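Only one structure is covered here, and it is reproduced in the block below.
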2 protein chains.
Amino acid sequence: MISHKIVPNISVDCVVFGFDFEKLNVLLVERELKDEKNGKILISDHTLAGYHIFEDEDLDSAASRILKGLTGLDNIFLEQFGAYGQLDRVSAPKDKVWFEHINKGFADRVVTVGYLALIDNTKVTLRLKDRNVSWFPVARVSEMEMAFDHKFLFYEALQALQRKVKVEPIAFELLPDYFTLSQLQKLYEALLGTSFDKRNFRKKVAQMHYVIPLKKKQQGVAHKPAQYYLFSREVYEKTRKGRISFII
Amino acid sequence: MISHKIVPNISVDCVVFGFDFEKLNVLLVERELKDEKNGKILISDHTLAGYHIFEDEDLDSAASRILKGLTGLDNIFLEQFGAYGQLDRVSAPKDKVWFEHINKGFADRVVTVGYLALIDNTKVTLRLKDRNVSWFPVARVSEMEMAFDHKFLFYEALQALQRKVKVEPIAFELLPDYFTLSQLQKLYEALLGTSFDKRNFRKKVAQMHYVIPLKKKQQGVAHKPAQYYLFSREVYEKTRKGRISFII
DNA sequence: TACACATTGTGTAATATGTACACGAACCTT
DNA sequence: AAGGTTCGTGTACATATTACACAATGTGTA
């Protein structure tokens with residue numbers, strides 16, 4: 001493995017969302033630093049997955065690299081949600097301690113580019129164990145201790161997600177290739193914090209010709225088995241309309 | 001005036017849109033460099049309004065500063081549309097010449113944060129004359145010579161604008177405080193490259209309770225005078241709904 | 001083997017929104 | 001007074017939104 005030179009004042013942070021068919025979760029990294037002499041814990045909190053960019057890679061590649069390292073997956077849905085350059089971004093005392101400790105090209109002034117990542121939980125759950133990374137319910141983030149301005153970045157990402165989900169079919173990135181309509185409905189409810197009428201929701205989905213029923217049904221469930229559906233990006237691209245819709 | 005230290009590898013570029021009641025325009029800076037000896041023109045093209053950020057300012061401030069210098073206006077609508085860090089962003093031979101010439105902290109590797117700015121033409125037209133800055137119709141940008149990757153950035157901004165205009169009432173930033181419904185319609189048509197039926201457009205506006213008729217009418221026009229309207233952000237904030245609307 | 005349990009899948013009526021389409025009214029100019 | 005120009009308006013039809021309840025299908029278990 002080649003060792004890359006990092007760009008000290010530019011970094012990328014990824015807010016990785018996942019859906020477990022019940023609620024929305026976010027992938028966070030545990031950060032812990034102990035005093036070398038007495039073993040006392042100096043820092044214990046959580047951070048987003050992020051790192052400085054390398055001299056020889058662009059922003060998107062840096063984000064992909066970080067996600068690959070974390071989840072083992074390529075081809076994850078990734079989209080910028082903003083760039084952040086406030087002067088006090090990394091100025092908390094404990095953050096300075098941290099940077100002195102890892103001593104890897106820290107600059108006072110860091111601009112970070114935030115990436116929103118959506119991943120299909122069913123494809124990664126295995127590979128997280130061996131790292132200090134795990135899923136946390138989005139609803140619990142408010143109570144958590146987080147490093148730097150990462151709590152702020154998280155909420156920025158969440159807002160961006162909620163905005164985009166209303167306008168683009170990106171929610172499907174959070175589901176497996178096959179899903180039931182109830183799963184889709186629960187996902188939208190989790191994303192937007194609302195609830196929908198089942199019949200009306202399905203009527204709406206019926207208009208989305210890119211959500212296509214399969215011949216497969218659920219198996220081994222203790223109730224009437226649900227039909228599986230598929231999201232077709234091709235059909236979506238071919239049939240999308242654009243409306244002005246910011247009314248009222 | 002204090003001289004600030006710049007951050008050599010981070011810059012901000014502003015894509016400034018304006019509307020002249022006929023078409024959409026963009027503010028571009030003429031860039032010209034002549035050979036010192038023979039006066040031959042080495043470079044002649046256009047750039048977006050942009051510059052490196054200073055050590056002691058954040059990204060939004062840098063963008064505001066640049067716009068203030070260009071237009072004399074504060075409080076311009078400003079929103080990020082993306083961060084760009086491709087390795088070849090500034091690598092064209094003429095761009096290297098340019099950077100050697102101005103010799104101000106050029107780094108091979110520059111990340112630029114793109115800002116979309118919307119301005120009310122009626123408030124600035126005067127102050128542009130004394131600088132090498134002017135309005136160009138958006139439709140003509142495709143044929144223009146532009147520096148760096150600024151043509152690409154321009155189209156990124158235009159796409160972001162077209163996306164946002166459908167979902168948020170930001171078009172009003174391009175109009176004066178008082179406007180007629182025909183002006184509003186022409187603006188949307190210019191923004192989206194479509195045309196609307198007059199009666200249906202007005203029916204739609206009638207549902208937007210935040211577009212409020214005034215008692216004033218147009219004066220001195222050689223036809224039936226139009227009523228003026230006003231955009232109220234307060235009413236908008238209080239009455240907005242959020243729908244899922246990416247259907248078909 | 002039949003009953004309980006859990007979740008799926010479906011229809012209708014009332015209201016609201018979207019779309020296609022044409023002409024008289026108000027003001028200025030000559 | 002007549003001509004030019006843009007403003008402002010209504011109706012009929014199709015589509016979309018909302019509110020609301022119950023039978024069908026599979027598993028588990030008594």
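Below, read A as the first sequence line, B as the second, and so on, with proteins coming before strands; counting in each chain starts at 1. All figures in this text were calculated on a predicted structure; none of them were measured in a lab.
- At whole-Å resolution of the value, CG in B/Leu184 and C1' in D/dC7 are 15 Å apart.
- Between A/Tyr236 and A/Tyr210, the angle of the ring planes goes over 60°, which puts this pair in the perpendicular group of the 30/60° scheme.
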(message) So if I define the base as every atom that isn't primed, P, OP1 or OP2, how would nucleotides 1-10 of chain C read as a B/S/- string at a heavy-atom cutoff under 4.0 Å?
(response) -----BBBBB

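- Atom CG in A/Asp197 sits roughly 10 Å away from atom P in D/dT18 (whole-Å rounding).
- Ring-plane geometry between A/Phe21 and A/Phe19 is classed as perpendicular, the angle between the planes exceeding 60 degrees on a 0 to 90 degree scale with a lower cut at 30.
- Put simply, the side chain of B/Lys151 gets close to the backbone of B/Ser142: a donor and an acceptor are under 3.5 Å apart.
- Residues B/Leu118 and B/Ile170 share a closest heavy-atom pair of CD1-O, 3.5 Å.
- Separating the CZ atom of B/Phe21 from the P atom of D/dC7 is a distance of 13 Å, rounded to the nearest angstrom.
- Qualifying side chain to side chain contact (heavy atoms under 4.5 Å, CB included) partners for A/Ser232, counting only residues two or more places apart in sequence or in other chains: A/Ile212, A/Glu234, A/Val235.
- Judged by distance alone, with hydrogens and angles left aside, the side-chain atoms of B/Asp197 form a donor-acceptor pair with the main-chain N or O of B/Asn200 at under 3.5 Å.
- Across the protein-nucleic acid pair, B/Tyr228 atom OH and D/dC7 atom C1' stand 13 Å apart, rounded to whole Å.
- The phosphate of C/dT17 has neither OP1 nor OP2 within less than 4.0 Å of any side-chain N or O from B/Lys203.
- Protein atom CD of B/Gln219 is 16 Å distant from nucleotide atom P of D/dC7, rounded to whole Å.
- Proximity of A/Gln207 to the phosphate of D/dT17: a side-chain N or O atom is located under 4.0 Å from OP1 or OP2.
- Spacing between atom CG of A/Asn200 and atom P of C/dA13 amounts to 15 Å, rounded to whole angstrom units.
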